[in-house]
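First up is the structure itself, then whatever we jot down about it.
Worth knowing before you read on, the calculation uses all heavy atoms, side chains too, and leaves out hydrogens, waters and symmetry mates.
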Amino acid sequence: KWVRIDTIRDPDNAITHYVTVFSDISERKASEERIRFLAQHDALTGLPNRRLLLNRINKACAAGKRSGKFGALLIIDIDHFKTLNDTLGHDVGDHLLIEVARRLTACIREEDTAARQGGDEFVVMLEELGGDPESAGIQAEMVAEKIRAELSQPYLLCGDTEYVRTASIGISVFLGQEKSTDVLLKQSDIALYKAKDAGRNIVRFFDNAMQTALNERASLEAGLRRALARNELLLHVQPQVDAQRRLIGAEALLRWQPPGSPMVPPGDFIPLAEETGLIVAIGLWVLDKACAGLRRWADDPRTRGLSMAVNVSARQFRQDDFVDQVKAALARHGANPERLKLELTESLLLDHVDGVVLKMQALRQIGVRFSLDDFGTGYASLAYLKRFPFEQLKVDRSFIRDITDDPDDAAIVRAIIAMGNTLRLSVVAEGVEANEQHAYLVEHGCTAFQGYLFGRPVPFEVFEAGL
Ligand code: C2E
Ligand code: MG
Ligand code: MG
């Protein structure tokens, strides 16, 4: 409402009345709002225009400077848009742009921005992509691939004829205000040209090192997907011994042998398998092979008493049916659950504590035991540890390495052993390579050992033949 108030006075100039006039200005407000919106948005698609985009990029750079989190700018260009416009007319072209805008918006989070630069060029800005360039690149690529896939779905533009269009995407990753907005957009533009040059319908990064790293990762991922199906995974076993060097068990360690290339160490592919979810299938395969091994060992008096330690990664353990999967693997081979030991890492204990404890207890009930791997490298406190039904602590290799030279490492290991004894946890040392290390550990009360001194990880056949 617009209100106007007038005063009415008598001949002596004293106020006698007020007269108030109201008018409805809803329409004016609405059109002001509309003008403001139009000044910042693209009339056709309703997306932010270049002006609002620049504003948001500036804000994102300032926010990134404070938070230390990376952002990414994606420039998206519809391949051969001009041909469509020229042959089918501008109405059809407009329809396509509106649909592209809708799909873009659906692909991003609310806090991200999708804008139209003009013509058939769109920009998506992603924020809060994490604190290091590599993971920012990975996330930006994931969104870009999702957009690329969405935009290449058929469009219904006029009548019920379907049209297929693809898009090329250029990405630059940024942190804080180290580069100006213009430079950032220019870099994404250069990346876009690389994508067009590479044949379109493709995603490219401005940064060559990032592109190379992502390409390698992509081929590793593709290789790993095939590895299971093609039987390229192997399970090796490494002996574990007691103070008198008698064999008490083994740890199962995964190997990947792609045909015609060198063996890939687990440290190089397990993190990737975790991120992509492939670890779930791989972990099941490992469990199956380990249980089959336990079954074979049960038939031989020399191996009947051995335990088998199996590494379980966080993502695998968090599967709802993890407990059932373990039980199923044991049952499938008729393996003794009391001989199976699952190695967990501290990172797994940090959240959903109750759920983790429940799963561990369910498996403890049938006899399966748990060992805490790489102990000492994380943050687990004594009080915290007590909440989980572990049977064993596995002292990380990094402490064992210098145990005879570095008094600090030696003190840490002695403390871990003492603590294990107090909590009635057995302690196993991993990475024992020298006689002096073994002697020192025995002297201080460690009861189980694993390391090259007693044997390297080898195929089951080699392990069994060497008994
Ligand atoms: P981890 O569980 O801590 O395994 C011990 C690692 O130390 C193994 O490396 C083993 O080969 C190595 N090692 C053993 N003794 C010695 C020694 O005396 N000196 C030295 N320098 N190294 C020794 P590997 O086989 O490369 O495995 C690396 C990591 O990959 C494992 O660390 C584990 O976290 C993961 N991993 C291996 N197999 C699996 C699996 O089946 N599932 C999952 N989720 N992770 C696995
Ligand atoms: Mg382990
Ligand atoms: Mg370890």
Side-chain angles (χ1 to χ4, degrees), residues 129-132 134-143 145-146 213-214 216-229 232-236 251-256 264-291 308-330 332 340-364 368-375 377-380 384-385 387-390 394 396:
L129 290 182
D132 69 281
E134 194 181 329
S135 64
I138 291 170
Q139 288 186 58
E141 193 190 33
M142 265 159 47
V143 178
E145 280 300 338
K146 187 166 143 202
L214 286 163
E216 280 171 7
R217 197 185 125 91
S219 74
L220 192 67
E221 184 182 336
L224 195 53
R225 279 186 195 284
R226 287 191 302 260
L228 258 175
E232 295 168 14
L233 295 180
L234 308 165
L235 199 59
H236 282 190
E251 176 176 6
L253 292 158
L254 190 57
R255 299 288 177 263
W256 175 19
V264 188
D268 286 5
F269 67 87
I270 284 179
L272 180 71
E274 275 250 318
E275 277 170 48
T276 54
L278 280 169
I279 194 68
V280 176
I282 293 177
L284 286 176
W285 180 87
V286 170
L287 265 173
D288 188 74
K289 284 281 168 283
C291 290
M308 174 97 69
V310 173
N311 294 284
V312 174
S313 66
R315 177 121 179 213
Q316 186 189 354
F317 187 87
R318 292 209 180 99
Q319 297 294 306
D320 286 337
D321 58 353
F322 179 72
V323 171
D324 291 336
Q325 297 287 5
V326 175
K327 288 181 178 169
L330 285 162
R332 200 175 310 131
L340 181 65
K341 190 184 285 181
L342 300 180
E343 294 194 1
L344 309 182
T345 50
E346 280 173 46
S347 60
L348 199 153
L349 311 179
L350 296 178
D351 40 43
H352 306 300
V353 175
D354 296 339
V356 172
V357 171
L358 282 176
K359 281 186 186 168
M360 288 177 77
Q361 278 166 347
L363 287 166
R364 282 293 300 126
V368 174
R369 284 168 298 156
F370 288 91
S371 180
L372 184 53
D373 205 354
D374 305 336
F375 187 72
T377 56
Y379 301 95
Y384 196 71
L385 254 188
R387 303 167 67 178
F388 303 92
F390 279 105
K394 206 163 182 190
D396 192 61

Would you compute the distance between atom [atom1] of [X] and atom [atom2] of [Y] and round it to the nearest 0.5 angstrom?
X	Y	atom1	atom2	value
Thr345	Asn311	OG1	CG	9.0 Å
Cys291	Lys327	SG	NZ	13.5 Å
Ser347	Asp373	OG	CG	10.0 Å
Phe390	Arg364	CZ	CZ	11.5 Å
Leu254	Phe269	CG	CZ	4.0 Å
Leu272	Leu220	CG	CG	5.0 Å

Identify the heavy atoms of [X] and [Y] that sit nearest to each other, and give their distance.
X	Y	value
Gln319	Arg315	NE2-O, 3.3 Å
Gly137	Leu214	O-CD1, 4.1 Å
Pro266	Pro271	O-CD, 3.9 Å
Val353	Phe388	CG1-CZ, 3.7 Å
Gly130	Gln139	N-NE2, 4.4 Å
Ala273	Thr276	O-OG1, 3.4 Å

Assess whether side-chain contact (heavy atoms from CB on, under 4.5 Å) is satisfied between Asp374 and Glu343, documenting all intermediate values.
CA-CA 9 Å; Asp374 305 336; Glu343 294 194 1; over 6 Å; no

Are [X] and [Y] packed together at the side-chain level, in the sense that at least one heavy-atom pair is separated by less than 4.5 angstrom?
X	Y	result
Leu224	Val264	no
Leu278	Leu228	no
Met360	Val356	yes

Candidate pair Val326 and Leu340, rule side-chain contact (heavy atoms from CB on, under 4.5 Å), full reasoning
CA-CA 10 Å; Val326 175; Leu340 181 65; 3.9 Å; yes

So which pairs with a foot in residues 272-289 pass salt bridge (Lys or Arg N to Asp or Glu O under 4.0 Å), sequence neighbours left out?
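Those involving residues 272-289 are Arg217-Glu275, Asp288-Arg332.
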
With sequence neighbours left out, what residues match Gln325 under side-chain contact (heavy atoms from CB on, under 4.5 Å)?
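Residues passing side-chain contact (heavy atoms from CB on, under 4.5 Å) with Gln325: Leu284, Asp321.
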
Dump the intermediate steps for side-chain contact (heavy atoms from CB on, under 4.5 Å) on Lys341 and Met308, then the final yes or no.
CA-CA 6 Å; Lys341 190 184 285 181; Met308 174 97 69; over 6 Å; no

Testing Leu287, Leu344, Ile279, Val286 one by one against Val312 for a side chain to side chain contact (heavy atoms under 4.5 Å, CB included), which residue passes?
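Option passing the side chain to side chain contact (heavy atoms under 4.5 Å, CB included) with Val312: Leu344.
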
Chi angles and distances behind the side-chain contact (heavy atoms from CB on, under 4.5 Å) call for Asp268, Trp256
CA-CA 10 Å; Asp268 286 5; Trp256 175 19; over 6 Å; no

With under 30° as parallel and over 60° as perpendicular, where do the rings of Phe322 and Phe317 fit, or are they tilted in between?
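Plane angle between 30° and 60°, so tilted.
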
